[in-house]
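Being a predicted model, the structure only gives us computed values, none of them experimental. We name chains A, B, ... by the order of the sequence lines, and we start the count at 1 in each one.
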2 protein chains.
Amino acid sequence: MNGWPNPTTPPPPKNGPLPVKPFRAYFPILSWARSYDRRTLSDDLLAAVIVTIMLIPQSLAYALLAGLPPEAGLYASIAPIILYAVFGTSRALAVGPVAVVSLMTAAAIGTVAEQGSMGYAAAALTLAGLSGAILVVMGVLKLGFLANFLSHPVIAGFITASGILIATSQLGHVLGIGAGGHTLPQMIASLVRGLPQVNPVTACIGVAATAFLFWVRRGLRPLLRRMGLGARAADIATKAGPVLAVVVSTLAVRWLGLDQMGVRIVGTVPQGLPPLTLPPPSADLIGMLLVPAVLISVIGFVESVSVAQTLAAKRRQRIDPDQELIGLGAANLGAAFTGGMPVTGGFARSVVNFDAGAATAAAGAFTAVGLAVAAVALTPLIYHLPIATLAATIIVAVLSLVDLAILRRAWAYSRADFIAVAATIVVTLGVGVEAGVSAGVILSIVLHLYKSSRPHVAEVGLVPGTQHFRNILRHDVLTDPALVTLRIDESLYFANARFLEDYVADRVTPDCEVKHVVLMCSAISDIDLSALESLEAIAHRLATMGVTLHLSEVKGPVMDRLKTCDFLQQLTGRVFLSQYDAWTALHTGAEPARRVIRTG
Amino acid sequence: MNGWPNPTTPPPPKNGPLPVKPFRAYFPILSWARSYDRRTLSDDLLAAVIVTIMLIPQSLAYALLAGLPPEAGLYASIAPIILYAVFGTSRALAVGPVAVVSLMTAAAIGTVAEQGSMGYAAAALTLAGLSGAILVVMGVLKLGFLANFLSHPVIAGFITASGILIATSQLGHVLGIGAGGHTLPQMIASLVRGLPQVNPVTACIGVAATAFLFWVRRGLRPLLRRMGLGARAADIATKAGPVLAVVVSTLAVRWLGLDQMGVRIVGTVPQGLPPLTLPPPSADLIGMLLVPAVLISVIGFVESVSVAQTLAAKRRQRIDPDQELIGLGAANLGAAFTGGMPVTGGFARSVVNFDAGAATAAAGAFTAVGLAVAAVALTPLIYHLPIATLAATIIVAVLSLVDLAILRRAWAYSRADFIAVAATIVVTLGVGVEAGVSAGVILSIVLHLYKSSRPHVAEVGLVPGTQHFRNILRHDVLTDPALVTLRIDESLYFANARFLEDYVADRVTPDCEVKHVVLMCSAISDIDLSALESLEAIAHRLATMGVTLHLSEVKGPVMDRLKTCDFLQQLTGRVFLSQYDAWTALHTGAEPARRVIRTG
């Protein structure tokens, strides 16, 4: 094989028609199911057992976070996992309820129904169904690129702010007080108002569970390693910490009768397989949940794909982002029809699944079986599970999402990125999750457009003894009073076309010695119709001043496009292949440029 | 003077603080008023006489188009012109009511008040005041660049569609039937319904005036030239055509008593100087008119600045776009307080003013005096002026704005531009002017972002015998199976960062021979934080496959920024000054690339 792209992986075409996707590609399961053998089976089974143990408390906790009954979390981890195994392209991704999506679910449904009501759970189904439909449509229409408009700083800021909101929202459960609110100020006010009603027993359980889980995260792994456990086994044991907290606190409540002392418990959870449910087909509800569903879909997709890509690269496997949309969409549709809630690929569980040796998506299917068994057999055992323990599980899990250092990193790297991340965090905390994401996306697009509307333009001169041209502000170069060469470091399009007109006018109008202007186009990859008309205007205005306009180093595709119109015929000057050709043809007497600043 | 920018016109700084504007620069009048002499005075006076004659019928007609009483058009041509002369930077621009802005005014006010009511005229004042305030604020805050987001195709499409709407809206007046509607389908339906009520006398006047004015445009100039008139005199005489139509049709109505036969006439126009008016300070009204006012301001500014720049270049004068905002803002505030309507710099009248020899903005002030005299002395004479003649004036003036060829030009040049222009035309005609502009702006931004989110990436190889690297798909080049070099033809930012991740993964994952990936950065002018994190992810994923990532030809400013973070320390490979250095250091055995397509 030479340096040529593998025929099975052509580079994406830029403007041509999209290739038709073969039917088979919609069912990634077909690519591994045939070669499935006993060794793969045992790998997958082991991974499934470990992930199942981890997922039971997590599923209950995220249902709590979304304001739903605990079984919704379990149900959302059964059918969705199986559907993802059929349609998804990642072999290690574990799909189910995750923290940020559960928070967004609570925020979205909280506006349309009362928590705990029938309408609330029904709205969760509608939200999952809508989200699934949106993901599938995006996948079929190959709209996965839309997710790219969520910039990394916006995602980082959003997840950090969500982590803070989630942790704060669970503090009430940990202390045994009812607290509400969807923004940080509301939540804090509600907590402060509730402080006199703290339930001491609940607070003991909650604080102890939180402290224990923090210690498990920080201290247990080193301890187990010192006790001679292998690195992988120590990792996995650490992930089982929440199960231990659940078991101990449940037994404590049951034996000491703490629920009689005001400790809120999970209570009766229906025993059985996930029910078949139909999301209510209400047009009003769909209208109200559409925007939240789009945001949940895109946020969930972005999180999931980035985990999937990272894990796939470790085994030289590939992810097809458009097929991922279909896989996640199928999972959400599955959740909608089996009493669940919106789901996506989770980071922690996927890493555990991968580390535990999951070789194919069948591991996910076995996990689903494990959770189904739990739903049928284990639900009576969690009757006495205190809510405070679940809240502690959530707090410890989400605080690892909080990364305020992103603010410092963004500030150091670029002001535009800092503004985007800071605005996302402030708006998410102060107004809400949907406003936060929207503000971040819109602001980063606006800042990008602003930057590209004021491109870097360098007046260049000849580096003596070479054929190179460099910025006269940074280098000792030769210039010619009659010849101005401007290098524009950006593609020309409507937002910067008039900037270039102004720039050329400002440079040339007061300087009567100028006879030739050369635009050096080495960094111009595209010229749109606005920019073409600006170039025509520049050429025309320069002509009225007796100045000729030339171009140099025009790229092939740009030249192809310019040839489709009469700009080149009307150009007063010439198009030079290289800037040195332009200099040779046009310069009369060169003199060294006055150099003022040297920053490079 | 050498090739150095003139100290009085520094190139705009890219990211640095904006220079503080000296107080004097807010009053461009100071730059020419002191050197004003008798020669300049006579030039300006002559131009003023010619423009005044042209403006009288035009001002009446555009007031009619906006649904306002005729005097509003006259008033809007007096104070605004004087204020622009003080604050504006163009010496030839003639400010007053123009067709497109009058149409937008009618559309905006039509939604908040009944045409002909007191509230309607008051709303026009509020709209002008709002528009003036917005322009001044934009000028002081130097937000003129916002206008750049109106791409040329969107403006061209919008003006074409507006011309069609305006001409159609006046057909009812020409035929003597009452017709209404704000969209093309509504207008046509209304015309068809009104056809049985056509007033034959009005239709005769209207059709005759229209035919005459068309002939003046097409046939009069050549005729006058053949009769021996100079080119400039013939041009100016042609512009006086509408005055002749006004005089003849007014006399016809008066002498034949046609107004008794159902011909609608202008009627009583108040005699006197513009009144002092106060736009009603109603918060409700301001809220409803804010968005239309923004659109009117931006559209008016864009039209006006492009005329001003073209005329200024002819005399090597300069326009300061931010000061233009202040000049136009002052003009609109003037209109608001003197019984006028929204105004901007008009194309036709400015060209006439320029051609007639206007040397300074004083010509505009003399025009204002001429129109004030008309308002005081001539208004009784236009009592019998038929509305049909004014409608004919408008139709003939605006049909020159209609340029459907823009569709063909855009189609030939680029599909994205075609989509933007077609959408603007269709939405403007079918939904309305505000929706049309908004759709065009949003669509062109979306298309631009889409294009830049899928940048052109070329895999390059060495052109034998040179140090140049070119696209392996276009050229016979040498490649190395272990070394993949990708040249990305776009700055890296959030929208294309993940595209690059996918591209590199698709290229490298299935090809186990690859040991080194070089990203050639010659066309990359910026790397934002998202792209930086994508580069880190790419480096990390390549490292897990045993592949090293290198960079080459990184630009100075980009390198400066990368040095502020630890990416370069963590980079598994090296940063090469030139791509040839990278090749020399990394290649092992080169073989000719398999070449498939040759398009360049």
Which pair of non-hydrogen atoms, one from I527(B) and one from Y413(A), has the smallest distance, and what is that distance?
O-OH, 2.7 Å

Counting only non-hydrogen atoms closer than 4.5 Å, does N471(B) touch chain A with its backbone (N, CA, C, O), its side chain (CB onward), both, or neither?
neither

Heavy-atom distance under 4.5 Å to chain A: side chain of L486(B), backbone, both or neither?
neither

Using heavy-atom distances under 4.5 Å, tell me whether V441(B) contacts chain A through its side chain, its backbone, both, or neither.
neither

Side chains of S530(A) and P153(B), heavy atoms from C-beta outward: is any pair under 4.5 Å?
yes

Can you tell which part of L311(A) gets under 4.5 Å to a heavy atom of chain B, answering side chain, backbone, both or neither?
neither

Do you know which two heavy atoms are closest between S151(B) and F494(A), and how far apart they sit?
CB-CB, 3.2 Å

Could you state the interatomic distance from NZ (K451(B)) to OG (S525(A)), rounded to the nearest 0.5 Å?
11.0 Å

As an exercise, state the distance from CD of E533(A) to OG of S306(B), rounded to the nearest 0.5 Å.
10.5 Å

Contacting region of D417(B) [heavy-atom separation from chain A under 4.5 Å]
side chain

With a 4.5 angstrom heavy-atom cut-off, which part of V504(B) approaches chain A: side chain, backbone, both or neither?
neither

Please test V421(B) against L529(A) for side-chain contact (heavy atoms from CB on, under 4.5 Å), starting from the C-alpha separation and ending with a verdict.
CA-CA 10 Å; V421(B) 65; L529(A) 191 55; over 6 Å; no

Charged N-O contact under 4.0 Å between K555(A) and D489(B)
yes

Rounded distance [0.5 Å steps], CZ in R409(B) versus SG in C565(A)
10.0 Å

Segment of S534(B) engaging chain A (4.5 angstrom heavy-atom cut-off):
both

When you compare the side chain of H152(A) with that of R498(B), does any pair of heavy atoms fall below 4.5 Å?
yes

To the nearest 0.5 Å, tell me how far I445(A) CD1 sits from I445(B) CD1.
8.5 Å

Once you round to the nearest 0.5 Å, how far does CG of N148(A) lie from CG of L449(B)?
11.0 Å

Once you measure the plane-to-plane angle for H448(A) and Y493(B), does it fall in the parallel (<30°), tilted (30-60°) or perpendicular (>60°) bin?
parallel

Under 4.5 Å to a heavy atom of chain A? For L532(B) that would be side chain

Side chain to side chain, F149(A) and V446(B), heavy atoms closer than 4.5 Å
no

Cut-off 4.5 Å, heavy atoms of chain A, and the answer for I155(B) is side chain

So, the part of A410(B) with a heavy atom under 4.5 Å from chain A: the answer is both

Please check: side-chain N/O of R561(A) versus main-chain N/O of S414(B), any donor-acceptor pairing under 3.5 Å?
no

Output the option from T564(A), V508(A), T544(A), T509(A) having the highest count of non-hydrogen pairs under 4.5 Å with chain B.
T509(A)

